[in-house]
Amino acid sequence: MAPKVLMVAEKPSIALAIASVLSGGRMSSRRGSTEVHEFDGMFLGFPVHYKVTSVIGHVFSVDFPARFQDWNATNPLDLFDAPIVKTESTPKAHICRHLSQEARGCGHLVLWLDCDREGENICFEVIECTGFQSTAGRKVYRARFSSVTEKDILKAMNSLVEPNKNEAQAVDARQEIDLKVGVSFTRFQTSYFNGKYGNLDSRVISYGPCQTPTLGFCVRRHLQISTFKPEKYWTLHPYIIYKGYELKLDWQRHRLFDSDVTQMFRNFVKEDGFLKVIGISEKQVSKGRPSGLNTVNLLKVASSALGFGPQLAMQLAERLYTQGFISYPRTESTAYPASFDYKGTLGALVRNPVWGDYVQQLLSDGYHKPRSGTDAGDHPPITPMSSATEDVLGHDAWKLYQYICQHFLGTLSPDCKYTRIKIEFESGGESFNCVGQHVLVKGFTSIMPWLAVPEINMPQFTEGQKIDISRIEVDEGSTQPPDYLSESELISLMEENGIGTDASIPVHINNICERNYVQVQAGRRLVPTALGISLIRGYQLIDPDLCLPDIRSFIEQQIALVAKGQADHSLVVEHVIEQFKRKFIYFVKQIENMDALFEAEFSPLSESGRVLSKCGKCLRYMKHIPSQPSRLYCGTCEEIYYTPPKGTIKLYKELTCPLDNFELLIFSMRGPEGKSFPFCPYCYNNPPFEGIDLFGASKSIGSVKLWKGAGMPCFLCPHPTCQHSMISQGVCACPECDGTLVLDPVSAPRWRLYCNMCNCLVSLPEGAHRISTTRDHCPECDSTIIEVDFNKKTTPLKDGATLHVGCILCDELLYSLVEMKHGKSFSRNARHRGRGRGRGRRGYSGRGRGNKKQQDPRMSFRDF
DNA sequence: GCAAGGTC
């Protein structure tokens, strides 16, 4: 059997392209975590069997070990010296397992990751997953390619190299630095400010070496605007009427900030009464066609001309790409590869109803090659691949596609050429001028009309000629502050300062919006909020480095040393981390300077929120603060109790928790079918029983309390006698999961049961006065017996009786009135299969971590 | 609940 060669690309599309080229299209493809393409061929002069597959970006990402995940138990300062662990970025995709399986029996590994630092880093992630490094005799190769054309792929195959460990380690360094710096500052700021103020309206007060300088740009502009002092100015405009034109002339001095002096010049001109032509210049100007379109330029146009935010623009572009209408939309390059097939691409657009004629003309008159741009070695510029119409794409995608087509056709069109005539005049010792423009060749501006050069007609003048002034105007104006930063300007600033990448720039902008630091207003301009301004002004007071773009360049420059092999990876990390640690310590020490700004802007917890319920410790009323993170604040005990997020909270009939005396609250999730449940503020934050999968907690890391807002509502409480606990309110097992269906106590008149773990919902007899659980259990199936008090008018009972007691599964009447809302439907055919063991009285077993096997077989809707 | 970077 021929030896096997495994090849791995960064994304499925590249794997497909490589396999297609190397196999000449004769390959077999099968599905896996990612597709695998197989074929036979030659490798280094020997016949081999190829397998080509891919990862989906990074396989791993870095994080802190579990013991550093609890915000309350970890001092953020300790994070600088904490170990870091690599975990799979998308565990569900099982990429690591996939690579390890595919590598089995392969003698060679060829890495086709993108040719940048991140790609080099992913190379080593792949090597780790495949286990290639540990086995002698198996060789690892790196293919270096600048595009996925046949020529480039074959060239790369003939010049395989080794993966570059230094570049990969530079990325490791960046990951560790970004993680430690970002997370430590974020946790500290969040805990500090959310523990003091009630109306910050952001769950997380985040800090990051990219997002914070991004915010810094927006706030810098805001400060320019708010400190702007307008100044009055005056300007002089003589008018002439000549050969049927009335011309307004511009003053060479443009404007003066002194009214008297301007008047003086006006008088000089007025005394002369005429203008003398002292110069006529005419020159040909060429306005160059664009070079290829890259991601950042697409995002800028999308924001400024189409009104699409970067996130939306990328989503639309992504869709156009996967549907085959445009080429890969994430690229830095503005230069096309020498081999690019312009003719073929134009051919694909020639039938388009909107610009088909223009394409035809380019094909017949001959097109120009695009103006040379920069080749970043990643992907060709964003190019239309096939023709589409608005009907097919929908309005937004069409707008973006249309621009991509117009831009592409523009790159192949002639330059725009026009003549510019400038006439200079003199009067009273002052100089004036006017300018005319005449377009000779529209060129690319006919397909990109918004860039067209306006035609400005001008009569013929002769030098030395004198023309009477018809009138003189003195215009008064005042200097204007700049406008708020447009998103497009922000993208440019980020690009210039090396903040983020083409793929991450939209994410950073989105971040500062989501955190409520800036708001996108009319014309996609970014206006910072009080929170955003306070943060940046705070950094400026304490340590301006923290919000300057240089912070990113500093990190980049440090890790570049690692990439070039000029410095040791761990020494660089250590050095950079040490510096940030010092900055962190100083920041913590000086936080009161930032806090002074917060004090002026925000309300302390004690003044926030509305009085809601009684604290079980001091028996005084606590206040509910509904802004994120939603919480209760006891001013006497100075304690915060987080509440479930995203819903409304009310007092629950002044009932109290038997464990701690806190007044119970009812939380209602949003939406018409949102469930409601009681909870005790104290138990919710401090679950009195071990091993409970908290409501709202991340399931993947067990029941550790991971974030504010996760907690234990009564429906998870195993208290044996409290009338609100799962034990009392639970009716039967959930048909969908391991949970329990509990009675929604405030769902009248549309009574219902919901699952305490999943979304399963069961409706009970509608319109009943009251439905409640009893202490009795069904002898058949052990479900909790419920008591229904029907409405007199609509009771289904004989003789107008209203009270009925029974099991919702075994009682014929009740069973006929319940209905599954969310979840599988059920029938009662095999109802008595198995032995019913309703969960009601069985105590708290089998719901904790890893206990599932101990569960008794039990009756539920599932068994029907 | 935290960063930034890949990609879907």
Side-chain angles (χ1 to χ4, degrees), chain A residues 9-15 33-35 54-64 68-72 74 76 79 82 84 86 88-90 92-93 95 113-114 116-123 125-126 168 170-191 194 202-214 295 314-315 317-319 321-322 328-330 378-379 494 498-508 510-512 514-515 551-552 555-556 559 580 628-631 642 645 696-698 701 704-710:
Chain A
E10 191 154 322
K11 43 190 167 278
S13 60
I14 302 279
S33 291
T34 55
E35 269 206 323
S54 74
V55 291
I56 316 166
H58 272 289
V59 184
F60 299 110
S61 52
V62 291
D63 204 347
F64 294 109
F68 292 92
Q69 297 291 0
D70 186 332
W71 287 43
N72 299 322
T74 307
L79 294 174
I84 53 167
K86 284 204 173 198
E88 271 199 87
S89 305
T90 34
K92 282 182 188 157
I95 296 295
L113 284 307
D114 292 0
D116 51 23
R117 263 184 216 162
E118 298 295 332
E120 223 56 40
N121 186 267
I122 303 175
C123 281
E125 296 183 342
V126 171
V171 171
D172 284 337
R174 180 193 53 72
Q175 291 176 340
E176 182 166 353
I177 295 164
D178 284 346
L179 176 76
K180 290 188 167 176
V181 173
V183 174
S184 56
F185 276 87
T186 299
R187 285 195 193 172
F188 169 68
Q189 291 183 164
T190 304
S191 308
N194 269 339
S202 182
R203 207 152 38 95
V204 175
I205 317 291
S206 58
Y207 175 86
C210 285
Q211 58 172 269
T212 303
T214 303
T295 308
M314 281 318 286
Q315 279 169 19
E318 197 76 51
R319 219 173 69 212
Y321 164 64
T322 49
Y328 191 67
R330 260 167 291 176
D378 47 359
H379 299 269
M494 293 175 76
I499 308 286
T501 64
D502 50 0
S504 70
I505 282 174
V507 180
H508 299 313
N510 201 44
N511 263 341
I512 60 172
E514 275 195 345
R515 303 278 152 76
I551 205 143
R552 193 74 203 152
I555 296 174
E556 286 294 329
I559 65 164
F580 276 104
Q628 284 192 5
S630 162
R631 65 216 123 136
Y642 292 93
S698 162
I701 318 186
V704 187
K705 186 178 161 192
L706 285 178
W707 60 278
K708 292 172 182 171

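Labels below follow one simple rule: chain letters A, B, ... track the order of the sequence lines, proteins then strands, and each chain is numbered from 1.
The residue A/D114 sits close only to the backbone: its heavy atoms come under 4.0 Å of sugar-phosphate atoms, none of a base. A/Y207 comes within 4.0 angstrom of the backbone, heavy atoms only, and of no base. Base engagement by A/D63 is indicated by at least one non-hydrogen atom pair under 4.0 Å involving a base atom. Nucleic acid contact class of A/P12 (heavy atoms, under 4.0 Å, all strands): sugar-phosphate only. Heavy atoms of A/S89 sit under 4.0 angstrom from at least one base atom. A/V171 comes within 4.0 angstrom of no nucleic acid atom, judged by non-hydrogen atoms across all strands. Counting non-hydrogen atoms under 4.0 angstrom, A/S184 reaches nothing in the nucleic acid. Within the nucleic acid shown, A/R319 has no heavy atom closer than 4.0 Å to any nucleic acid atom. At the heavy-atom level, A/R117 lies nowhere under 4.0 Å from the strands shown. No contact: A/G119 has no heavy atom under 4.0 Å from any strand.
In this structure, of B/dG5, B/dT7, B/dA3, it is B/dA3 that holds the atom nearest to the side chain of A/T186. With B/dT7, B/dG5, B/dA3 as the choices, the nucleotide that has an atom nearest any side-chain atom of A/A503 turns out to be B/dT7. The side chain of A/C210 lies closest to B/dA4, out of B/dA4, B/dT7, B/dC2. Nearest nucleotide to the side chain of A/E10, out of B/dT7, B/dG5, B/dC2: B/dT7. In the set B/dC8, B/dC2, B/dG5, B/dC8 carries the atom at the smallest distance from any side-chain atom of A/Y328. For A/H58, the listed nucleotide lying nearest its side chain is B/dG6; candidates were B/dA4, B/dC2, B/dG6. Set against B/dG1, B/dC2, B/dA4, the side chain of A/R203 has B/dG1 as its closest nucleotide.
Here the side chains of A/R187 and A/T74 are in contact, with some heavy-atom distance below 4.5 Å. Looking at A/F580 and A/S184, their side chains never come closer than 4.5 Å, going by heavy atoms from C-beta outward. Inter-residue side-chain proximity for A/D114 and A/K11 is flagged as met; some heavy-atom pair is nearer than 4.5 Å.
Look at A/R330 and you won't find any side-chain N or O under 4.0 angstrom from OP1 or OP2 of B/dG5. Taking only side-chain nitrogens and oxygens, A/Q69 never comes nearer than 4.0 Å to OP1 or OP2 of B/dC2. Phosphate proximity of B/dA3 to A/R515: present, with a side-chain N or O under 4.0 Å from OP1 or OP2. Distances shorter than 4.0 Å separate some side-chain N or O of A/T501 from OP1 or OP2 on B/dG6. In terms of phosphate contacts, A/S504 brings a side-chain nitrogen or oxygen within less than 4.0 Å of OP1 or OP2 of B/dG5.
Aromatic stacking is marked for A/W71 over B/dG1, as both cut-offs hold: 5.5 Å for the centres and 30° for the planes.
Atom CD in A/Q175 sits about 16 Å away from atom C1' in B/dC2, given to the nearest Å. At whole-Å resolution of the value, CG in A/L113 and C1' in B/dT7 are 12 Å apart. For A/K92 and B/dC8, the NZ to P distance is 18 Å, given to the nearest whole Å. Atom C1' of nucleotide B/dA4 and atom NZ of A/K180 are separated by 16 Å, given to the nearest angstrom. One interatomic measurement links the two molecules: CD of A/E556 to P of B/dA3, which rounds to 18 Å at whole-angstrom precision. One interatomic measurement links the two molecules: NE2 of A/H508 to P of B/dG5, which rounds to 4 Å at whole-angstrom precision. The separation between A/I512 atom CD1 and B/dA3 atom P is 13 Å, rounded to whole Å. As a whole-Å value, the separation of A/I122 CD1 from B/dA4 C1' is 13 Å.
Not a single donor-acceptor contact under 3.5 angstrom links the side-chain atoms of A/E318 to the base of B/dC8.
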key: Test side chain to side chain contact (heavy atoms under 4.5 Å, CB included) applied to A/I505 and A/M314, step by step   = CA-CA 11 Å; A/I505 282 174; A/M314 281 318 286; over 6 Å; no
ask   = Passes side chain to side chain contact (heavy atoms under 4.5 Å, CB included), A/V62 versus A/D178? Steps please.
value = CA-CA 10 Å; A/V62 291; A/D178 284 346; over 6 Å; no
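Along DNA chain B, the nucleotide nearest to A/S206 and the one nearest to A/T322 differ in position, and the one closer to the 5' end is contacted by A/S206. Two residues, A/R552 and A/V183, neighbour DNA chain B, and the one matched to the more 5' nucleotide by heavy-atom proximity is A/V183.
Distance CZ/A/F64 to CG/A/L79: 4.5 Å, rounded to 0.5 Å.
Partners of A/E88 under the salt bridge (Lys or Arg N to Asp or Glu O under 4.0 Å) rule, at least two apart in sequence or in another chain, do not exist in this structure.
Minimum interatomic distance between A/A82 and A/K180 (heavy atoms only, all atoms of both residues): O-NZ, 2.8 Å.
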